[in-house]
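Structure first, then comments.
Order of the sequence lines sets the chain letters (A, B, ...), proteins ahead of strands, with each chain counted from 1. What you see is a predicted model; the values in this text were computed from it and never measured.
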Amino acid sequence: MPELPEVETVRRGLSELIIGKVVASETHDTPKGFPNAIADVRQFLIQATITDVRRRAKVLIVDLSTDYSLLIHLKMTGQLVFVGDTRFGAGHPNDSLVTALPDKSTRVTLTFADGTQLFFNDQRKFGWVKLLPTAEIAEVPFMKKVGPEPLELEFTVEQFAARFARRIKTNIKAAILDQSVIAGVGNIYADESLWGAKIHPQRLVGSLTEEEFKNLYTDLRAVMNLSIEKGGSSNRNYVNAEGKKGSYMDFARVFRREGLPCPRCGTTIEKMRVAGRGTHICPFCQTL
DNA sequence: CACTTGACCTGTCCGC
DNA sequence: TGCGGACAGGTCAAGT
């Protein structure tokens, strides 16, 4: 999916586009994409005003005036695309989406009172949209176990290192992907930050030095902040709320760059499998 | 508990 | 051109 920087990019875009709009109607394909839509839509979604768009880890939270919220997880291929704002002039990339959506990947459509629309598209159907009372968000199992936000200013390197205590015997790649350790890190930024800190992804967590945790902490934050600045990574499906791609992949140093030279030492980047995920390393900079 | 692996889906790409 | 298999940004439910 979209990882933290991509979800944050969508959040910022949606904040500009949908806050204040009133939900007029909702349609969805199968109950799986919007499990509780039938039961709750009429009372708590229709006629509600969007009051805020927040993010926790990789989950988007759309708050409604009814004290209910939409929780949205894009998983691997989810998109949230807003269509129809009159501020988009002719030639805006969003123009072509007006007629292109909905398409076969569209799972949920929200139509606002002014005629604009928000589409939840998801090719692989792993993602979901749930409606629940805002006050109950903290009770959702994922929200209970998810770790701290790594980009918060008050999040320190000491806190970062301490979070790994529970995963001492596994490799660092599996640990950093574990959402209960740190929120929001996925496959792209795991590989990018491990390269930045010169740590081999198969190194056991228990073997990392204080210095290595510091380097990982520093580079992870740097690379995620850079990606947000660039509008995220569009490896395949990801687009922002206006249907546009992000450009972080132009700045990627190892991710999906197997066969190309390491930007630091020139050694050919290799691809391997770690923690069940495709993993990219510089075999010279990152050793066991 | 900690850890690993498979499952959930559809589409694309690569080798034969 | 067709077909099978591997693989894709994530998480959960099982298994050990």
Side-chain angles (χ1 to χ4, degrees), chain A residues 1-11 28-35 55-60 71-80 103-108 120-130 140-147 163-194 201-207 220 223-224 227-228 230-240 245-259 271-280:
Chain A
M1 128 176 185
E3 306 179 28
L4 188 156
E6 290 73 37
V7 179
E8 176 61 19
T9 300
V10 173
R11 187 200 68 74
H28 57 276
D29 60 347
T30 62
K32 200 183 161 211
F34 198 160
R55 177 190 62 74
R56 177 74 172 99
K58 303 172 190 171
V59 179
L60 277 164
L71 258 56
I72 304 168
H73 203 308
L74 303 175
K75 291 289 181 83
M76 301 282 263
T77 56
Q79 307 175 331
L80 277 173
D103 63 19
K104 64 187 296 188
S105 75
T106 300
R107 317 211 44 223
V108 179
F120 171 61
N121 304 325
D122 186 15
Q123 184 180 88
R124 290 176 73 179
K125 303 185 179 179
F126 291 167
W128 42 255
V129 179
K130 293 174 187 171
V140 173
F142 177 86
M143 295 298 185
K144 273 188 174 174
K145 74 171 190 187
V146 72
R163 294 297 302 174
F164 288 87
R166 65 174 69 188
R167 302 298 305 269
I168 286 298
K169 289 182 178 169
T170 192
N171 60 64
I172 185 62
K173 169 111 183 194
I176 202 168
L177 288 173
D178 183 341
Q179 298 299 293
S180 73
V181 174
I182 303 291
V185 185
N187 209 30
I188 298 175
Y189 305 103
D191 282 8
E192 290 287 290
S193 60
L194 287 168
Q202 288 176 316
R203 287 275 305 285
L204 295 184
V205 172
S207 79
L220 178 64
V223 81
M224 283 189 155
S227 185
I228 291 171
K230 301 299 174 188
S233 299
S234 289
N235 188 10
R236 312 179 87 100
N237 298 278
Y238 168 74
V239 293
N240 69 12
K245 295 175 182 296
S247 68
Y248 176 80
M249 287 306 288
D250 296 341
F251 301 82
R253 302 157 312 177
V254 284
F255 191 78
R256 295 240 329 175
R257 291 180 54 80
E258 60 270 31
K271 185 171 181 182
M272 57 201 298
R273 202 141 192 97
V274 181
R277 312 296 301 275
T279 299
H280 311 76

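Taking the P atom of each, B:dC14 and C:dG9 are spaced 16 Å apart, rounded to whole Å. Separating the P atom of B:dC9 from that of C:dA14 is a span of 15 Å, rounded to the nearest Å.
With rounding to whole Å, A:F142 atom CZ is found 16 Å from C:dA13 atom C1'. C:dT11 atom C1' lies 13 Å from atom CG of A:N187, rounded to whole Å. A straight line from CG of A:L4 to P of C:dG10 spans 11 Å, rounded to a whole angstrom. Distance A:W128 CH2 to B:dC9 C1': 17 Å, rounded to the nearest Å. Between A:D191 atom CG and C:dG10 atom C1' the separation is 15 Å, expressed in whole Å. Atom CZ in A:F120 sits about 13 Å away from atom C1' in B:dC9, given to the nearest Å. Atom NZ of A:K32 and atom P of C:dT11 are 15 Å apart (whole Å).
Checked against the 6.0 Å centroid criterion, the rings of A:Y189 and A:Y248 qualify as a close aromatic pair.
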A correct dot-bracket answer for DNA chain C, with pairs being Watson-Crick or G-U at under 3.5 Å, [ ] for crossing pairs and | for inter-strand pairs, is .|||||||.|||||||
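Put simply, A:Q179 has no side-chain N or O that comes within less than 4.0 Å of OP1 or OP2 on C:dG10. Phosphate contact (OP1/OP2 of C:dT11, side-chain N/O of A:H73, threshold under 4.0 Å): present.
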Quick one: which protein N/O atoms are closer than 3.5 Å to N/O atoms of nucleotides 3-5 of chain B? Pair and distance per line, please.
residue: B:dC3; atom: OP1; partner: A:K169; partner atom: N; Å: 2.7
residue: B:dC3; atom: OP1; partner: A:T170; partner atom: N; Å: 3.4
residue: B:dC3; atom: OP2; partner: A:R166; partner atom: O; Å: 3.1
residue: B:dC3; atom: OP2; partner: A:R167; partner atom: NE; Å: 2.6
residue: B:dT4; atom: OP2; partner: A:T170; partner atom: OG1; Å: 2.7

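At a threshold of 4.0 angstrom between heavy atoms, the contacts of A:Y189 with the nucleic acid are absent. Counting non-hydrogen atoms under 4.0 angstrom, A:R273 reaches the backbone sugars and phosphates but no base. Using a 4.0 Å heavy-atom cutoff across all strands shown, A:G127 reaches no nucleic acid atom at all.
Stacking here means ring centres nearer than 5.5 Å and ring planes tilted less than 30 degrees, and by that measure A:F126 stacks onto B:dC8.
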Given protein heavy atoms under 4.0 Å, the one-letter contact record of nucleotides 10-15 of chain B, with B base, S sugar-phosphate only and - none, is simply BS----
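Checking A:S233 against A:N235 by side-chain atom types alone, no donor-acceptor pair falls below 3.5 Å.
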